[in-house]
Every structure is written in C-alpha cells, then in structure tokens.
Student: 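Right, I'll just put the structure down here and ask away after.
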Amino acid sequence: DLCDIAFLKCVTLKEVIIPDTVKSIGVCAFAGCSSLRQIKFPKSLSSIGDEAFSGCSSLTQLSIPPTWSLGNYVFSKCTSLKQVIIPDFTISEKEGVFYGCESLQQIFIDSDFRVDPDSNTAFDFCQGCIGKKAFYDCSSLRQIYIPNSIVVISERAFGNCYSLEAFRTPWDLIYIGEEAFKGCFSLEEVNITNPDCTIRPNAFNCGVWMDPIPFAAKCFDYHGKQWNEALRKIIIPEGTIERFKKMLEERLWDKLVED
C-alpha cells in the first residue's frame, strides 16, 4: 500500500503507474504533484484516501477503476482536469471529490462497471450517491452522464457549475439535496423523471446577483445588482405539479411543466 504523504509535493513527478499489489492509496499521497500528467490505477485498488491527488494541476484526464472507497476532496483543485470516467458506485457520500476542478467539462458515471453481486463489501451502502460538493466550482462543466443507478444527489453537489445548461435526473433518483445546483446560472432546463423525488430547499437556486447584463433572463433590483438566471423550465411527471409546488420556492412555480 502507498502510505500517507508518500509523494507529497513531488513537483517534478510526471507519470505514475501503480502496480497491482497496491490496494490502497493514503491521505495526501500525491497531493501537490503539480507536474503529474498521467496516472494508471490497478484493478486491485480498493480505496483512495482524503486529498490523495489534490492540487495535481497538470492532470487532464482520469479513468478510475471500480474503487470501493474515495476520500474527501480526493481530486480537488486538479485545475487542468477536463474529463472523468468513473464507476457509478465509486461516487459516494464523501465530500468534495472533484471540488474546484475548474476545467472539467465532461463527467461519465459509468454503470457498465460491475462487481460480484453476492459481495458484502463496504461500498454497498453508499452505492448510488453523489456526495456533498462532489463537483462544486467545476465552472467549465457542460455535460453530465448519470446512469439510473444514482439515487441521491447531495447538498451543493453541482454548486457553481456556471457552464451547465441542462440536466436530466436518473429514473430512480429519490433525493436532490439543498442547494444542489446553487449558482448554476446557465442552467436552462431540468428534467425530473421520478414522481416521488424529494427536493430540498433552494436546490435550484441557480441565479446570482451580478452587475446589470442586457437581456438577462430575469432581473430584480438589489443594491444596483440584478438577479440573473437562465432557468426557464423544470419538467416533471404528469399529475405531480401540486406535489412539486410544495417542495419548490414560489418563484419557480411558473417554470413547472408536466410531461
């Protein structure tokens, strides 16, 4: 196993190939390795510790194997990271996994990764959860591909994803946390497919107070600022409008469209 802070701030390190004998990567093991461009993970890997690759600012792409456990802020501030492919059950309740990855444009949460269905391993209880602030401040993020196995989107999971324009929830999604899409002021359309989905307060508080912008989607005066948001439509299942009105702020009611 790779111990905590094993290669902390090795700023000349450019490539890492982790052998199959390694089962876990410790806390801050490669944090601050600012020249690291490529990582090859073994299939044997079972856990990656808190902030293990935080601040690896030269990484541009990641493909993560079916790892049982990811730590808090494990790939945070990887500011050159543009694409992530990750198994669905690797996204867990841990906080800030990709926090501050400002160049991240695409996320593929891959439901084709599978493990032994008879397994009783520790990750089973958190399968299907996108954790708190998982993609917070990923300001270049435009596309998210989320399989139906995801059932929970936690608080501020996609907060301040300024470039995100549309989002379709998985069929079996049962919970969207508070301020999950806070500050996503380019988000134009949300499609909620599960009639029983619970939405916490301010989940779609997508607007921001900004200096006046001509032709802004919606504006209210506030100390010389304008409230700017692009959100125009929240698509919900037929016959559920009264249920969703009870969960959503009144300012969003005119955006509800039954389908």
Side-chain angles (χ1 to χ4, degrees), residues 2 6-20 22-92 94-114 123 130-131 133-147 149-150 157-167 186:
L2 286 175
F7 298 94
L8 178 67
K9 294 186 178 179
C10 289
V11 295
T12 59
L13 186 64
K14 293 184 177 180
E15 183 177 353
V16 172
I17 300 174
I18 300 172
D20 290 338
V22 173
K23 294 184 178 180
S24 67
I25 297 174
V27 173
C28 295
F30 294 93
C33 294
S34 54
S35 299
L36 184 61
R37 296 179 180 177
Q38 187 172 356
I39 311 166
K40 185 175 180 180
F41 293 106
K43 293 181 179 179
S44 60
L45 198 63
S46 62
S47 67
I48 303 176
D50 293 353
E51 301 185 51
F53 294 92
S54 179
C56 293
S57 54
S58 295
L59 275 176
T60 59
Q61 187 171 336
L62 274 176
S63 182
I64 301 172
T67 302
W68 293 359
S69 174
L70 287 183
N72 295 308
Y73 297 93
V74 63
F75 295 107
S76 62
K77 300 295 182 180
C78 292
T79 53
S80 297
L81 192 62
K82 293 182 178 180
Q83 185 184 82
V84 170
I85 302 173
I86 187 167
D88 53 2
F89 55 79
T90 302
I91 293 286
S92 72
K94 296 295 186 178
E95 186 169 326
V97 176
F98 293 98
Y99 182 101
C101 293
E102 60 188 33
S103 298
L104 187 60
Q105 297 176 5
Q106 292 182 313
I107 305 166
F108 299 89
I109 301 178
D110 191 346
S111 61
D112 290 335
F113 286 94
R114 286 291 179 262
F123 63 75
I130 296 179
K133 297 184 180 179
F135 299 98
Y136 195 88
D137 271 350
C138 293
S139 54
S140 298
L141 182 62
R142 295 180 181 274
Q143 293 179 297
I144 312 170
Y145 299 90
I146 299 180
S149 54
I150 298 297
F158 295 98
N160 290 351
C161 291
Y162 304 137
S163 301
L164 188 63
E165 295 178 354
F167 184 80
S186 296

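What you see is a predicted model, and the numbers here were worked out from it, not measured in a lab.
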Student: Heavy-atom distance under 4.5 Å between the side chains of Cys138 and Cys161, does that happen here?
Tutor: yes
Student: Using atom types as modelled and distance alone, determine if a side-chain donor or acceptor of Ser58 lies under 3.5 Å from a backbone N or O of Ser34.
Tutor: yes
Student: Quick check: closest heavy atoms across Ser76 and Gly96, and the distance to 0.1 Å?
Tutor: CB-O, 4.0 Å
Student: Could you tell me whether a side-chain N or O of Ser163 sits under 3.5 Å from a main-chain N or O of Ser139, the two making a donor and an acceptor?
Tutor: yes
Student: Report yes if the side chains of Phe53 and Leu62 come closer than 4.5 Å at any heavy-atom pair, otherwise no.
Tutor: no
Student: Calculate, to the nearest 0.5 Å, the distance between atoms CZ and CG belonging to Phe30 and Leu2 respectively.
Tutor: 5.0 Å
Student: Where is the tightest heavy-atom contact between Pro42 and Asp20, given as atom of each residue plus distance?
Tutor: CB-OD1, 3.3 Å
Student: Give me the atom names and distance for the closest heavy-atom approach of Pro19 to Ser44.
Tutor: O-OG, 4.3 Å
Student: Checking Leu36 against Phe7 for the side-chain contact (heavy atoms from CB on, under 4.5 Å) test, could you report, in this order, the C-alpha distance in whole Å, the side-chain angles of both residues, the deciding distance, and whether it holds?
Tutor: CA-CA 11 Å; Leu36 184 61; Phe7 298 94; over 6 Å; no
Student: Taking all non-hydrogen atoms of both residues into account, name the closest pair between Lys133 and Tyr73 and its distance.
Tutor: CD-OH, 4.1 Å
Student: Looking at Leu59 and Ile39, what are the two nearest heavy atoms and their distance?
Tutor: CD1-CD1, 3.6 Å
Student: Does the side chain of Tyr136 come under 3.5 Å of the side chain of Asn160 through a donor N or O and an acceptor N or O?
Tutor: yes
Student: Check whether any side-chain heavy atom of Ile144 sits under 4.5 Å from a side-chain heavy atom of Phe135, and report yes or no.
Tutor: no
Student: Side chain to side chain contact (heavy atoms under 4.5 Å, CB included) with Ser140: which of Lys82, Gln106, Gln105?
Tutor: Gln105
Student: Closest approach of Ala134 and Ile130, non-hydrogen atoms and distance?
Tutor: CB-CG2, 3.7 Å
Student: For the pair Thr60 (side chain) and Ser80 (backbone), establish whether a donor and an acceptor sit closer than 3.5 Å, ignoring hydrogens and angles.
Tutor: no
Student: Donor-acceptor pair, distance only, cut-off 3.5 Å: does the side chain of Ser46 make one with the backbone of Lys23?
Tutor: yes
Student: Which atom pairs, one a donor and one an acceptor, fall under 3.5 Å between side chains of residues 10-18 and the rest of the protein, sequence neighbours left out?
Tutor:
none

Student: Give the intermediate values and the outcome of side-chain contact (heavy atoms from CB on, under 4.5 Å) for residues Cys33 and Cys56.
Tutor: CA-CA 5 Å; Cys33 294; Cys56 293; 4.2 Å; yes
Student: Please examine the side chains of Phe41 and Ile25, heavy atoms only from C-beta on, and report whether any two atoms are closer than 4.5 Å.
Tutor: yes
